[in-house]
Amino acid sequence: MSWAGSFQTSIGKSRTPSNHAEAAVVFDPSMATLLCLSHLRWSFVYQRPQHLMSRFAGTYNVLFFEEPIGTDETEPWLEVRPDEQGVQVLVPRLPAGLNAQASTAAIRALLDDYLGKLEVEDLLLWYYTPMSLAFSDHLQPRVTIYDCMDELSAFHGAPPELVERERELLARADLVFTGGYSIWEAKRELHDNAHAFPSSVDIAHFASARQPQSDPPDQASIGLPRLGFYGVIDERFDIELLRAVAAMRPDWQFVMIGPVVKIDPADLPRLDNIHYFGGKTYDELPGYLAGWDVALMPFALNASTRYISPTKTPEYLAGGRPVVSTPINDVVRSYGDCGLVLIAGTPEEFVAACEQALALAADRDAMLAAADRILGDMSWDQTQASMKEMIECIR
């Protein structure tokens with residue numbers, strides 16, 4: 001079957017939602033199809049999967065397959081949402097009452113049906129979660145990639161079978177990428193073709209924070225100095241550290257941007273100088289960053305942060321802001337001696353580091369020059385190109 005320019009999903013069990021009724025799903029039969037199986041949603045926080053998949057969409061047909069959500073309908077169906085960056089976002093919609101076995105069978109059928117409609121022959125599989133093997137282990141990809149962002153088994157609520165699923169995925173994978181060096185050191189013992197690709201940065205996007213600009217309306221009325229964080233606020237976030245530091249410096253203003261996930265919002269400190277703005281889009285972040293004096297990474301030191309390599313470290317630097325972080329292994333390893341990322345563990349140390357960072361921010365020209373030296377040619381474009389070269393060598 002030939003495809004002339006685009007494929008509009010409107011038949012059978014696959015369809016676009018009503019708010020995307022006019023959007024066409026672009027599918028090029030001359031390109032390989034990259035099926036990305038993710039535990040993170042495309043429209044959640046813009047991070048590693050979105051950066052990489054939007055770039056792979058230039059040379060592959062990219063299908064981003066999310067975890068299922070419910071539907072009021074009686075039959076399973078597949079929501080197909082063409083993203084503006086050329087990525088097709090696929091969401092299985094399952095009726096209530098299905099047990100685990102029935103849910104897996106339904107997801108497998110929806111996936112098979114859609115790949116059949118597209119007549120995919122040259123398939124690449126890219127896993128972010130080993131749990132997706134339950135409905136995809138029968139597929140015959142040309143290359144299987146496991147991009148291990150985090151040690152998911154250490155996260156709160158991780159399914160008990162995840163460790164065994166990961167062993168199975170490691171046995172199947174042709175390539176293993178990791179989101180940092182600490183997790184690479186763990187996975188290279190389990191796979192002989194593992195490669196560390198720490199967090200990169202879209203320098204041009206965040207460099208706009210270096211330019212004078214008006215504050216977003218919800219930040220405009222907040223006094224100075226401002227110390228800010230953006231990201232997911234979950235079990236990796238050190239709530240008590242934020243509480244203590246804010247109490248010790250009531251004249252500092254703390255701006256917290258991001259969704260609250262898997263922790264009770266009632267547990268967050270509610271001091272007058274802490275401001276929670278909720279989630280913001282990726283495009284909005286530089287505008288908020290531009291109004292901060294210091295950028296923060298107040299991560300807890302626990303099992304869920306042992307292997308993390310925060311994407312926000314180079315983003316903050318690209319935005320021209322000094323950074324204060326707790327002693328996360330990969331942050332210390334990659335940035336601990338650079339002079340613009342200050343490491344502190346206790347509340348007292350964190351306050352002292354923030355005071356030092358405020359002094360650094362006062363010498364703006366020197367700070368920006370140092371940030372540029374640290375970042376060098378670091379970019380998501382370079383990371384994706386290196387990954388693609390490895391994939392093509394196997395293909």
Side-chain angles (χ1 to χ4, degrees), residues 47-48 51 149-151 177-188 194-203 205-207 209-210 225 227-231 236-238 241-242 245 249 252 289 292-380 382-383 386:
Q47 51 189 309
R48 183 183 181 95
H51 279 294
M149 286 178 57
D150 297 295
E151 188 60 69
F177 301 140
T178 66
Y181 290 108
S182 294
I183 198 165
W184 170 73
E185 289 173 339
K187 301 307 175 187
R188 69 175 175 174
H195 306 269
F197 283 100
S199 298
S200 300
V201 60
D202 184 342
I203 292 176
H205 181 77
F206 286 95
R210 301 183 178 195
L227 300 88
F229 166 88
Y230 62 71
R236 296 170 293 178
F237 191 89
D238 194 333
L241 176 63
L242 175 61
V245 171
R249 288 294 185 271
W252 293 355
L289 183 59
W292 301 350
D293 299 285
V294 175
L296 304 179
M297 296 197 300
F299 289 111
L301 301 180
N302 56 33
S304 67
T305 61
R306 180 180 175 186
Y307 297 108
I308 65 171
S309 178
T311 304
K312 58 185 61 55
T313 316
E315 292 175 351
Y316 287 160
L317 293 175
R321 298 302 180 270
V323 182
V324 178
S325 175
T326 49
I328 297 300
N329 288 337
D330 275 16
V331 176
V332 174
R333 180 175 191 162
S334 299
Y335 300 96
D337 296 327
C338 74
L340 287 186
V341 179
L342 309 177
I343 307 300
T346 68
E348 292 77 14
E349 292 171 348
F350 211 85
V351 167
C354 288
E355 290 172 339
Q356 184 181 348
L358 288 168
L360 289 170
D363 190 351
R364 183 164 178 78
D365 290 342
M367 181 186 62
L368 295 181
D372 290 340
R373 286 193 298 271
I374 295 164
L375 294 171
D377 60 354
M378 182 188 303
S379 72
W380 283 114
Q382 184 180 30
T383 295
S386 297

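As the structure is a computational prediction, the values presented were derived from the model and not from experiment.
- Contact detail for P298 and F229: the closest heavy-atom pair is CD-CD1, 3.7 Å.
- In this structure, the side chains of Y181 and S309 stay at 4.5 Å or more apart for every pair of heavy atoms.
- With R321 contributing its side chain and L289 its backbone, the two residues share a donor-acceptor pair below 3.5 Å.
- Ring geometry for F197 versus H195: interplanar angle of 30 to 60°, hence tilted.
- For the pair W380 and R48, the minimum side-chain heavy-atom distance is below 4.5 Å.
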Please test M297 against I328 for side chain to side chain contact (heavy atoms under 4.5 Å, CB included), starting from the C-alpha separation and ending with a verdict.
CA-CA 9 Å; M297 296 197 300; I328 297 300; over 6 Å; no
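- With a 4.5 Å cut-off on side-chain heavy atoms, T313 and S199 do not count as touching.
- The two residues P314 and S200 make their nearest non-hydrogen contact at CG-O, 3.8 Å.
- The nearest pair of heavy atoms linking G180 to A196 is O-CB, 4.0 Å.
- Between F299 and P310, the shortest heavy-atom contact is CE1-CG, 3.8 Å.
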Only pairs under 3.5 Å count here: list side-chain donor-acceptor contacts from residues 338-350, not counting sequence neighbours, and write none if there are none.
residue: T346; atom: OG1; partner: E349; partner atom: N; Å: 3.1
residue: E349; atom: OE1; partner: G345; partner atom: N; Å: 2.9
residue: E349; atom: OE1; partner: T346; partner atom: N; Å: 3.1

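- The OH atom of Y307 sits 7.5 Å away from the CD1 atom of I183 when rounded to the nearest 0.5 Å.
- Under the 30°/60° scheme for interplanar angles, the aromatic rings of Y230 and Y316 are found to stand perpendicular.
- Residues S182 and R306 have side chains not in contact (no heavy-atom distance under 4.5 Å, counting atoms from C-beta outward).
- Taking CG of L242 as the start and CG of L227 as the end, the distance is 10.5 Å to the nearest 0.5 Å.
- Here the closest non-hydrogen pair linking G376 and I203 is O-CD1, 4.1 Å.
- The structure places CG of D202 at 12.0 Å from OG1 of T311, a figure rounded to the nearest 0.5 Å.
- For the pair C354 and L296, the minimum side-chain heavy-atom distance is below 4.5 Å.
- In this structure, the side chain of T305 does not engage the main chain of I308 through any donor-acceptor pair within 3.5 Å.
- Under the side chain to side chain donor-acceptor pair (under 3.5 Å) criterion, the residue pairs touching residues 332-342 are E185-R333, with sequence neighbours excluded.
- Pairs engaging residues 363-378 under the side chain to side chain donor-acceptor pair (under 3.5 Å) rule: R210-D372 [sequence neighbours left out].
- For the atom pair F206 CZ and L375 CG, the distance stands at 11.5 Å (nearest 0.5 Å).
- Between V294 and W252, every side-chain heavy-atom pair lies at or beyond the 4.5 Å cut-off.
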